[in-house]
Amino acid sequence: MNDAARRPESWPKVLLTGAQMLFVAFGALVLVPLLTGLDPSVALFTAGAGTLVFHAVTRKTVPVFLASSFAFIAPIQGSIASFGVSATMGGLMASGLVYVVISQVVRLRGTGWLNRLLPAVVVGPVIMVIGLALAPVAVSMATGETSANIGYGQAIFLSMASLMVTLVLAVFGRGLLRLIPIMGGIVTGYALSLIMGVVDFTPVHEAAWLALPSFTAPSFHWAAILFMIPVAIAPAVEHIGDMVAIGSVTRRNYLEKPGLHRTLLGDGLATTTAALFGGPPNTTYSEVTGAVTLTRAFNPNYMVVAAVIAIVLAFVAKLGALLQTIPGPVMGGIMTLLFGSIAVVGMNTLVRAGQSLTAPRNLVVVSLILVFGIGGMQFGGGQFTLQGVSLAALVGIVLNWVLPREKEGE
């Protein structure tokens with residue numbers, strides 16, 4: 001563990017920071033089940049359970065939170081339409097096992113080959129894509145496009161006020177205040193939303209105080225399994241970028257310790273656990289990486305606390321419903337900063353490598369990763385479309401593999 005994790009910290013500080021991490025992930029966490037027709041309370045439960053599984057496998061060494069994966073939205077929608085929810089969960093369990101297989105290959109062959117497969121000239125721009133590809137989502141939330149009852153003017157006011165408070169606390173805050181800039185921005189934005197009368201409390205009134213999430217047991221059908229398994233490859237590639245990204249923030253090499261095989265194994269078992277209860281697949285959250293970058297909260301215990309809170313909220317229906325009343329512009333304003341922070345981590349990776357980006361080979365690799373990843377390039381069709389981060393990573397890996405290395409002195 002790093003020094004920050006070894007120092008004893010007060011429980012109020014750990015609880016507060018852990019709650020903040022859940023706040024950061026909450027919007028995207030519940031968005032996936034809402035889009036795919038799954039139960040948001042189940043997604044909360046499986047995000048918490050999956051995060052605990054991940055930290056058990058990695059021995060609490062990586063400060064990450066796992067929750068609903070966006071890469072599976074279209075495949076889940078297609079699979080539910082064709083095979084039903086239960087069979088889809090069986091396919092998702094198989095997808096999690098793909099991670100397990102990949103992790104064992106890494107364990108047997110080591111990680112030395114990763115430096116050749118994923119040098120800084122590939123990893124840096126891929127990390128930038130992880131952040132910048134999400135930028136339109138943050139902007140659409142900040143401008144009120146995702147909120148039916150909030151106009152553009154109100155949305156801009158709420159998002160920029162939330163962002164401004166977050167910036168001020170992050171830059172000028174001292175002591176405990178510096179650890180909760182995101183929560184400060186959310187509380188401020190929510191308070192302003194209440195004053196403006198744009199908070200809809202209908203979900204809170206309709207929810208019971210305590211309720212069991214609508215768990216769904218998986219069933220196994222070959223068609224659903226074969227349909228879902230290929231989808232796991234893209235998030236597995238993205239997982240490597242996420243591990244490098246959080247390692248760049250904490251200045252630790254998580255590919256070596258606890259080892260990429262352990263993080264992949266933890267991610268795979270987390271996804272399998274989620275499917276066992278009827279939740280969407282889990283993945284490491286870029287939003288939380290941005291929050292860690294901003295707050296310097298490197299202690300993995302924060303993520304364990306966030307996971308426990310998520311599990312509790314899954315059963316306290318009114319609390320979960322209350323969190324869902326946070327207006328989109330409030331979260332959007334803060335997301336603009338978080339996604340930008342991830343892009344900066346990618347730029348820092350390139351800068352620290354000390355390579356000339358105007359050298360023809362590097363120029364080609366970096367340029368195509370950025371344009372393909374951010375511009376919306378896609379290959380394939382239907383449920384098996386390759387695009388976004390997974391396409392950018394694959395293009396970078398292939399170009400780095402086939403383009404000749406430049407000789408010393410050129």
Indicate every side-chain donor-acceptor pair of residues 202-214 with a distance under 3.5 Å to a residue at least two apart or in another chain.
unit_1, atom_1, unit_2, atom_2, d
T202, OG1, D200, OD1, 2.7
S214, OG, D39, OD2, 3.2

Contacts of F315 meeting ring pair (Phe, Tyr, Trp, His ring centres under 6.0 Å) (sequence neighbours excluded), chain-then-number -> F45
State which residues pass side-chain hydrogen bond (donor to acceptor under 3.5 Å, both in side chains) with S86; sequence neighbours excluded, sorted by chain then number.
-> S219
Sequence-distant partners of R107, side-chain hydrogen bond (donor to acceptor under 3.5 Å, both in side chains), two or more places apart = Q104
If you count the non-hydrogen atoms of other residues, nucleotides and ligands that lie under 6.0 Å from OH in Y152, is the total more than 12?
-> no
Side chain of T263, backbone of L260: donor and acceptor closer than 3.5 Å?
-> yes
Side chains of Y254 and T250: donor-acceptor distance under 3.5 Å anywhere?
-> yes
Keeping to residues at least two apart or across chains, list the side chain to side chain donor-acceptor pair (under 3.5 Å) pairs with something in residues 265-280.
-> H239-D267
Please list all pairs passing the side chain to side chain donor-acceptor pair (under 3.5 Å) test where one or both residues lie in residues 186-197, with sequence neighbours left out.
-> Y190-T325
Less than 3.5 Å apart, which donor and acceptor atoms pair up between the side chains of residues 137-148 and the rest of the protein, not counting sequence neighbours?
unit_1, atom_1, unit_2, atom_2, d
S140, OG, P136, O, 3.2
S140, OG, V137, O, 2.8
T143, OG1, V139, O, 2.9
T143, OG1, S140, O, 3.4

Got a sec, which residues hit side chain to side chain contact (heavy atoms under 4.5 Å, CB included) with [X], two or more places apart in sequence or on another chain?
X    : result
V304 : L52, H55, K60
A67  : L29, A47, F65, Y285
V398 : L394, V402

Ring pair (Phe, Tyr, Trp, His ring centres under 6.0 Å) pairs, two or more places apart, involving residues 126-151 = none
When rounded to the nearest 0.5 angstrom, what is the spacing between [atom1] in [X] and [atom2] in [Y]?
X    : Y    : atom1 : atom2 : value
I374 : L132 : CD1   : CG    : 4.5 Å
L167 : L294 : CG    : CG    : 8.0 Å
F83  : I80  : CZ    : CD1   : 11.5 Å

Name the atoms and distances for all side-chain donor-acceptor pairs under 3.5 Å in residues 331-343, with sequence neighbours left out.
unit_1, atom_1, unit_2, atom_2, d
T336, OG1, G333, O, 2.5
S341, OG, L337, O, 2.8

